[in-house]
Amino acid sequence: MNKYLALFLVLCISNIQLFGQNANFYRTIKVDYNQSAGPMNTMFKECIGAGRANEGLRADWQQQLAIVKKECDFKYIRMHGLLTDDMGVYREDAKGNPEYNYQYIDALYDYILSIKMKPFVELGFMPSALASGKQTIFWWKGNVTPPKDYKKWEDLIRNLTQHWTERYGAEEVKTWYFEVWNEPNLTPAFWTGTQEEYFKLYEHSARAIKSVNGDYKVGGPATAGAGWVPETIEFATKNNVPLDFISTHTYGVKQGFLDEYGTTGTILSKDESSVSGDVLNSRKQIANSAKPNLELHYTEWSSSYTPADPVHDSYHSAAYILQKLKQVGNAPTSMSYWVFTDIFEESAPRFTPFHGGFGLLNTQAIKKPAYFSYSYLNKLGTTELQNTDTSSWATKNKKGDVQLLFWDFTNTHPGDSINNQQYYIQDLPSKSKGSVKIEVTGLQKGKYTLEIYKVGYKVNDVYTDYLEMNKPNQLTKQQVEKLKGKNNGEPIATETLVMDSKGNYSKDFKINENDVLLLNFIKQ
């Protein structure tokens, strides 16, 4: 054989194999309706964050929370600033005697309970009349100093807890969580005292709450970066201080734990175990402690800790959220995403409709891609199906419906050469990742409606739509309605299926980087 012909044939065979492998490469997801894995773990919707209590008195905040409750079904809500001066809770008369006022808290909590949510009570920050210093944080000036008188602090917490008991009943308040302070390990930003002084604050708070009702749940330390977990358990055990749960926080960027005014550049971590590694380690620390069965609540988590990070607005966030929630498994009792809305004023009111805010919704209640992670999770059934795929959930419900939520998470960030604040403000087309073969067996005989939902580049991708509008600093009413209409999360396709006695469904779905798809098989 001519050597050139032989070389040509070798190259052809190599190319056939190469392209054939690409063409036939499938990530296959196989699930059987009859193979259950147990009840679906819904830790992802146990709690959601909000900025500060006073913002919860706004009509638009309340309207947005009602939408989020209806479509995502979060059970609890946690926020800062319940005891700050703008809530009018505490003052002292001319003789130094405490005076309490809970009218603003009542208005807020009455509303939260009226929409069938519950407060995850964060006790902070310090009323200025009770503070030992003037150090504050954020535009709205939350005082972060220890109390000047720990007995007066304990009396305030006891009185407030008793007030809630009288107003809502002990059986209701037993279902709440009481968390002491926020991120006391970030000194002096969130706490000017030492760890020892935080533990003193915690002890006085816990004893005040338990003095009203021993069944009320109190915990902490609400730290940044998964800190102080063993130390808190050790302190509570050694001093016989009540501790019903551990709470802490984590974020997915590489540097720091605080960006008070949204001015710090951030980089999305390339570590596949970012966020989830902290959660799994916290569970391990608890398991190895003197209190191995404590609940674990991550009362803040997100891709980034700054309210000026465009990754929050990007379509990449939808797959990121799902990937991290999947990775943590059964380790946490709750994973509270920070936060539900861009009505959020830590660094003052924001001047543009999309500014990298933490929210699932922007200020005008336009749904970001991150929102659909949670609304689609809420469409999953009550029973999880056995599934070896690591980037999907398969579920069913008693009606015979089946749901399959799957995604690709690809961290396309180029690394240390560029910050999130430069990278995620661009138009970022997604590349093909090939196809996913879906195989569902054991479906009941009969007719189904199959709803197909999607989030990805230019699909429920409001930031890219905003870029195409040339990023107006203010949105007109018509622009808001246009963006809402294009990003409503409705099915991108609907099919009618007729299942025979075999009950098998098989189909290939093309998938790009950071696409999220939900298949909802509705039994007729």
Side-chain angles (χ1 to χ4, degrees), residues 38-49 75-76 78 118 120-124 174-186 190-191 194-196 198-207 209-210 214-252 257 271-302 305 323-338:
M40 179 63 185
N41 183 346
T42 58
M43 54 81 192
F44 51 83
K45 62 179 181 180
E46 285 300 301
C47 190
I48 187 70
K75 302 297 191 295
Y76 291 83
R78 172 190 179 268
K118 297 174 182 291
F120 199 114
V121 183
E122 179 197 306
L123 295 174
K174 283 179 186 179
T175 67
W176 299 6
Y177 291 89
F178 292 83
E179 181 185 42
V180 181
W181 213 252
N182 178 74
E183 300 189 347
N185 59 330
L186 291 189
F190 277 110
W191 178 244
T194 62
Q195 183 187 78
E196 182 181 13
Y198 169 73
F199 287 151
K200 184 177 181 180
L201 184 83
Y202 178 86
E203 180 172 0
H204 280 272
S205 305
R207 297 203 188 285
I209 292 161
K210 293 289 188 177
D215 292 332
Y216 291 173
K217 293 177 284 193
V218 61
T223 39
W228 293 7
V229 173
E231 296 92 329
T232 300
I233 298 172
E234 182 181 0
F235 167 80
T237 303
K238 182 178 178 180
N239 296 283
N240 196 29
V241 175
L243 179 66
D244 298 306
F245 63 89
I246 285 293
S247 65
T248 188
H249 307 157
T250 186
Y251 289 91
F257 301 110
D271 184 353
E272 290 185 7
S273 64
S274 67
V275 174
S276 54
D278 279 345
V279 180
L280 297 172
N281 187 57
S282 295
R283 173 52 65 194
K284 183 178 179 181
Q285 289 175 329
I286 293 169
N288 292 334
S289 77
K291 297 178 180 291
N293 299 314
L294 288 175
E295 292 185 6
L296 172 61
H297 296 273
Y298 263 75
T299 50
E300 288 183 28
W301 86 275
S302 178
Y305 58 76
Q323 187 77 354
K324 295 306 167 187
L325 290 173
K326 181 72 175 183
Q327 287 176 346
V328 300
N330 295 324
T333 309
S334 71
M335 290 286 290
S336 183
Y337 190 78
W338 189 253

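This structure is a prediction, so every number in the text was calculated from the model and none was measured. When reading the values below, keep in mind they use all heavy atoms of this one structure, side chains included, and skip hydrogens, waters and symmetry mates.
Across every non-hydrogen atom of A222 and R78, the tightest pair is CB-NH2, 4.5 Å. Nearest heavy-atom pair, S282 versus V229, reported as atom, atom and distance to 0.1 Å: OG-CG2, 4.4 Å. Residues S336 and G49 share a closest heavy-atom pair of OG-N, 3.4 Å. The heavy-atom pair separating M335 from V275 by the smallest distance is CE-CG1, 4.3 Å. Minimum heavy-atom separation, R283 to P292: NH1-O, 4.2 Å. Heavy-atom minimum distance, A206 versus V241: CB-CG1, 4.3 Å.
In this structure the side chain of L325 reaches within 4.5 angstrom of the side chain of M43, judged on heavy atoms. Y216 is listed as a side-chain neighbour of K174, based on a closest heavy-atom distance under 4.5 Å. Using a 4.5 Å cut-off on side-chain heavy atoms (C-beta onward), Y76 and T175 make contact. No side-chain heavy atom of Y202 sits under 4.5 Å from any side-chain heavy atom of P184. Side chains of Y298 and V328 form no contact here, defined as non-hydrogen atoms less than 4.5 Å apart. Residues I246 and Q285 have side chains not in contact (no heavy-atom distance under 4.5 Å, counting atoms from C-beta outward). Here the side chains of P221 and V180 are not in contact, with every heavy-atom distance at 4.5 Å or above. Using a 4.5 Å heavy-atom threshold, the side chains of H249 and N182 count as touching.
Here L294 contributes atom CG and I233 contributes atom CD1; the two are 5.5 Å apart, rounded to the nearest 0.5 Å. Note: S205 OG to Y198 OH = 7.5 Å, rounded to the nearest 0.5 Å. The CZ atom of F178 sits 13.5 Å away from atom CD of E122, with the distance rounded to the nearest 0.5 Å. Rounding to the nearest 0.5 Å places CD1 of I48 at 12.0 Å from OG1 of T299. Taking CZ of F235 as the reference point, atom CG of N240 lies at 10.5 Å (rounded to 0.5 Å). With rounding to the nearest 0.5 angstrom, the CG atom of D215 is 13.5 Å from the CD1 atom of I209.
Of the possible donor and acceptor atoms, none in the side chain of S273 sits under 3.5 Å from a partner among the backbone N and O of G277. Put simply, the side chain of D244 never gets that close to the backbone of G219: no donor and acceptor are under 3.5 Å apart.
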* Asked: Given T232 and T223, is the side chain to side chain contact (heavy atoms under 4.5 Å, CB included) satisfied, shown in steps?
  -> CA-CA 10 Å; T232 300; T223 39; over 6 Å; no

* Determine, stepwise, if the pair T333 / E295 fulfils side chain to side chain donor-acceptor pair (under 3.5 Å). => CA-CA 6 Å; T333 309; E295 292 185 6; 4.6 Å; no

* To do: List the steps, then state whether side chain to side chain contact (heavy atoms under 4.5 Å, CB included) holds for W191 with N185.
  => CA-CA 7 Å; W191 178 244; N185 59 330; over 6 Å; no

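Looking at residues two or more places apart in sequence or on another chain, you find a ring-ring contact (aromatic ring centres under 6.0 Å, His included) between F120 and Y177, F245, H297. N239 meets the side-chain hydrogen bond (donor to acceptor under 3.5 Å, both in side chains) test with no other residue; sequence neighbours excluded.
Contact check on D278 versus K324 returns no salt bridge, with no Lys/Arg side-chain nitrogen under 4.0 Å from an Asp/Glu carboxylate oxygen. E203 has a carboxylate O that lies under 4.0 Å from a charged side-chain N of R207, or vice versa, which qualifies the two as a salt bridge.
Among Y251, Y337, Y305, the one residue that satisfies the side-chain contact (heavy atoms from CB on, under 4.5 Å) test with E300 is Y251.
Remark: the S334 side chain and the E46 side chain contain no N/O donor-acceptor pair separated by less than 3.5 Å.
For the salt bridge (charged side-chain N to carboxylate O under 4.0 Å, His left out) condition, no pair includes a residue of residues 220-236, sequence neighbours left out.
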